[in-house]
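Below you'll find the structure, written out as structure tokens, and then a few comments.
If you're wondering where the values come from, they're calculated on a predicted model, not measured in any experiment.
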Amino acid sequence: MGSNSVLVRGRRIARTRGTLQAMFHTACRRRGLAATTERLYFQWVRRYVRFNGLTHPQDLEADNVREFLSWLATDREVAASTQNQALNALVFLYREVLRVDLEEFDSFVRAKRHRHLPVVLTQLEARLLMGFLTGTAGLVARLLYGSGLRVSEGVQLRVKDIDFDGRMLHLVHTKSGKGRKTLLPERLVAPLHTHLRRVRQIHSQDLVQGHGRAPLPRAFARKSSSAATSWSWQYVFPSVRRSEEDGCRYHVSQSSVQKMVRKAARAAGLTKRVSCHTLRHSFATHLLESGYDIRTVQELLGHADVRTTMIYTHVLGRGHHIRSPLDWEGR
């Protein structure tokens with residue numbers, strides 16, 4: 001094994017007992033990774049292992065990592081962000097799970113970085129779409145557009161996170177892990193009150209049947225186990241069914257909301273590729289169009305860097321006031 005292909009610095013670590021997935025799960029919990037990130041990362045680990053003929057990662061070398069990443073770029077033609085995602089997953093695997101330091105390497109084929117502007121609805125298209133969204137999915141979608149939420153943030157809202165008096169939402173489960181506040185649309189105050197009355201009835205019935213628990217953050221669950229049955233910790237958008245595994249009532253799935261939004265877009269006759277994230281993009285763009293400063297929009301979206309928010313300045317309707325030469329008089 002040549003020195004330029006050695007994956008570890010120093011001696012190889014002994015094979016750890018237990019399955020790779022169990023070790024991966026433990027490492028993710030230790031580092032506080034979101035469940036969605038854990039699932040995504042482990043999907044890349046599985047692809048990496050399959051690519052190398054089901055060889056255990058401890059028996060693979062730096063060249064194997066390079067070949068896999070290059071294969072993603074050349075054969076699979078993935079986007080640069082996708083390749084970086086795979087790289088991050090493998091770095092986490094070796095450093096946090098297997099306790100191995102990767103060599104500094106950058107000799108794999110890099111995927112081409114293409115700049116894609118976000119899909120944004122016009123205000124008319126947004127209103128048209130909302131007309132075809134009803135029920136729980138419709139209320140979640142209105143929060144995504146009206147408050148600039150990610151779909152994961154919308155479905156994970158808890159009763160305690162809504163400040164009706166201050167017209168604010170207190171977001172805890174964010175992509176960055178840092179909490180933030182955003183606005184609660186006035187038009188959603190009454191519908192949310194009506195919705196929460198129905199949810200509270202469901203919660204009361206669950207309590208009578210000896211259930212009524214919502215999953216809590218692990219550390220807080222150990223500190224205050226009684227909070228699981230309190231009204232304030234219940235999900236705003238609970239699942240129709242309780243979990244058969246632990247009896248808890250989790251939140252509605254992101255996929256169910258995504259499906260309803262896509263279905264509504266087709267029913268509305270929209271030709272754009274509409275997803276839940278399109279509503280967040282539209283929220284930011286429409287605020288900028290209305291004259292709100294970019295720093296305000298950055299804060300509401302929870303972007304750490306204003307350069308991330310700047311992309312919305314490129315999709316503003318600047319061409320609306322420009323006349324095509326073909327429309328000039330005398331042409």
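- Counting only distance, with no hydrogens or angles, the side chain of Glu153 and the backbone of Arg150 share a donor-acceptor pair below 3.5 Å.
- Counting non-hydrogen atoms of other residues, nucleotides and ligands closer than 6.0 Å to NZ of Lys272 gives a total above 12.
- What you find for Val119 and Thr278 is that their closest heavy atoms are O-CG2, 3.3 Å.
- Val91 and Leu72 end up in the same hydrophobic cluster when Ile, Leu, Val, Met, Phe, Trp and Tyr side chains are linked at under 4.5 Å.
- A donor-acceptor pair under 3.5 Å is absent between the side-chain atoms of Arg262 and the main chain of Arg273, judged by distance alone.
- Contact check for Glu125 versus Val120: no side-chain heavy atoms found under the 4.5 Å cut-off.
- A side-chain donor from one of Gln298 and Arg295 sits under 3.5 Å from a side-chain acceptor of the other.
- Distance NE2/His303 to CD1/Ile294: 10.0 Å, rounded to 0.5 Å.
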Going through the distances and angles, do Thr182 and His170 end up as a side chain to side chain contact (heavy atoms under 4.5 Å, CB included)? CA-CA 7 Å; Thr182 187; His170 300 266; over 6 Å; no
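- Side-chain N or O atoms of Ser243 include none that pairs as donor or acceptor with a backbone N or O of Cys248 at under 3.5 Å.
- Two different hydrophobic clusters hold Met168 and Val159 under the rule that ILVMFWY side chains link at heavy-atom gaps under 4.5 Å.
- One finds the CG atom of Leu20 at 6.0 Å from the CG atom of Leu93 (value rounded to the nearest 0.5 Å).
- Residues Asp305 and Thr308 bring no donor and acceptor atom of their side chains to less than 3.5 Å of each other.
- For the pair Leu207 and His211, the minimum side-chain heavy-atom distance is 4.5 Å or more.
- Summarising the local packing, NZ of Lys160 is surrounded by more than 12 heavy atoms from other residues, nucleotides or ligands at distances under 6.0 Å.
- Using modelled atom types, one side-chain atom of Ser204 and one backbone atom of Arg200 make a donor-acceptor pair closer than 3.5 Å.
- When all heavy atoms of Tyr250 and Asp246 are compared, the pair lying nearest together is OH-OD2, 2.6 Å.
- Residues His193 and Phe164 have side chains in contact (heavy-atom distance under 4.5 Å, counting atoms from C-beta outward).
- Taking all atoms of both residues into account, the shortest heavy-atom contact from Ala27 to Val97 is CB-CG2, 3.7 Å.
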Begin with the C-alpha distance, continue with both residues' side-chain angles, and end with the deciding distance and a verdict on side chain to side chain contact (heavy atoms under 4.5 Å, CB included) for Ile162 and Leu184. CA-CA 8 Å; Ile162 303 180; Leu184 172 63; 4.0 Å; yes
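- A salt bridge is defined here as a Lys NZ or Arg NE, NH1 or NH2 lying under 4.0 Å from an Asp or Glu carboxylate O, and Arg180 with Glu299 fails to meet this definition.
- Side-chain contact between Leu169 and Asp163 is absent, with no heavy-atom pair separated by less than 4.5 Å.
- Between Leu139 atom CG and Leu157 atom CG the span is 10.0 Å, to the nearest 0.5 Å.
- Listed for the Ser256 side chain is a donor-acceptor partner under 3.5 Å among the backbone atoms of Ser253.
- Between Tyr235 and Val155 the shortest side-chain heavy-atom distance does not fall below 4.5 Å.
- Atom CG of Leu144 is separated from atom NE2 of His277 by 10.0 Å, given to the nearest 0.5 angstrom.
- Scanning all heavy atoms of the two residues, the minimum distance from Leu270 to Leu128 falls at CD2-CD2, 4.1 Å.
- Looking at Pro238 and Val199, their side chains come closer than 4.5 Å, going by heavy atoms from C-beta outward.
- Separating the OG1 atom in Thr26 from the CD atom in Gln21 is a distance of 10.5 Å, to the nearest 0.5 Å.
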Starting from the C-alpha separation in whole Å, work towards a yes-or-no answer on side chain to side chain contact (heavy atoms under 4.5 Å, CB included) for Leu300 and Leu183. CA-CA 8 Å; Leu300 293 173; Leu183 54 90; 4.0 Å; yes
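- Note on ring orientation: taking the six-membered ring where Trp is involved, the planes of His286 and Tyr145 are perpendicular (angle over 60°, cut-offs 30° and 60°).
- Panel note: side chain Ser70, backbone Arg66; a donor-acceptor pair is recorded below 3.5 Å.
- Looking only at side-chain heavy atoms (C-beta outward), Met130 and Leu279 come within less than 4.5 Å of each other.
- No donor-acceptor contact under 3.5 angstrom links the side chains of Thr36 and Arg39, judged on distance only.
- Phe237 is not connected to Val240 by any chain of hydrophobic side-chain contacts under 4.5 Å among Ile, Leu, Val, Met, Phe, Trp and Tyr, and they are in different clusters.
- Listed by chain and residue number, nothing satisfies the side-chain hydrogen bond (donor to acceptor under 3.5 Å, both in side chains) test with Ser282 (two or more places apart in sequence, or in another chain).
- Panel note: side chain Gln85, backbone Thr82; no donor-acceptor pair is recorded below 3.5 Å.
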Set out, in order, the CA-CA distance, both residues' side-chain angles and the distance that settles side-chain hydrogen bond (donor to acceptor under 3.5 Å, both in side chains) for Ser81 and Asn84, then state yes or no. CA-CA 5 Å; Ser81 58; Asn84 286 336; over 6 Å; no
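- Formation of a donor-acceptor pair under 3.5 Å by the Asn52 side chain with backbone atoms of Thr55 is not found in this model.
- The number of heavy atoms from other shown groups lying within 6.0 Å of CZ (Arg76) does not exceed 12.
- Taking the ring centroids of His25 and Phe42, they lie at or beyond the 6.0 Å cut-off.
- Linking ILVMFWY side-chain heavy atoms closer than 4.5 Å, directly or via other members, places Val208 and Trp231 in two distinct hydrophobic clusters.
- The residues Arg158 and Asp161 are annotated as not salt-bridged, no charged nitrogen and carboxylate oxygen being separated by less than 4.0 angstrom.
- Checked against the 6.0 Å centroid criterion, the rings of Phe92 and Phe24 qualify as a close aromatic pair.
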Evaluate the ring pair (Phe, Tyr, Trp, His ring centres under 6.0 Å) criterion for residues Phe68 and Tyr48: first the C-alpha distance (whole Å), next the side-chain angles of each, then the deciding distance (0.1 Å), finally the verdict. CA-CA 7 Å; Phe68 176 67; Tyr48 172 63; 5.5 Å; yes
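- Both Tyr292 and Leu301 are part of a single hydrophobic cluster, where members link through side-chain heavy atoms under 4.5 Å apart.
- Taking both residues in full, the closest heavy atoms of Pro118 and Ile311 are given as CD-CD1, 3.7 Å, listed atom of the first, atom of the second, then distance.
- Tyr94 places a side-chain N or O within donor-acceptor distance of the main-chain N or O of Pro57, the cut-off being under 3.5 Å.
- Between Leu216 and Ala228, the closest heavy-atom pair is CD1-N, 3.5 Å.
- More than 12 heavy atoms of other residues, nucleotides or ligands shown are found within 6.0 angstrom of CZ on Arg30.
- With rounding to the nearest 0.5 angstrom, the CD atom of Gln83 is 7.5 Å from the CG atom of Leu87.
- Here the side chains of Leu171 and Gln156 are not in contact, with every heavy-atom distance at 4.5 Å or above.
- A side-chain donor-acceptor contact under 3.5 Å links His203 to the backbone of Thr229.
- Here Glu38 does not pair with Arg31 in a salt bridge; the nearest charged N to carboxylate O distance is not below 4.0 Å.
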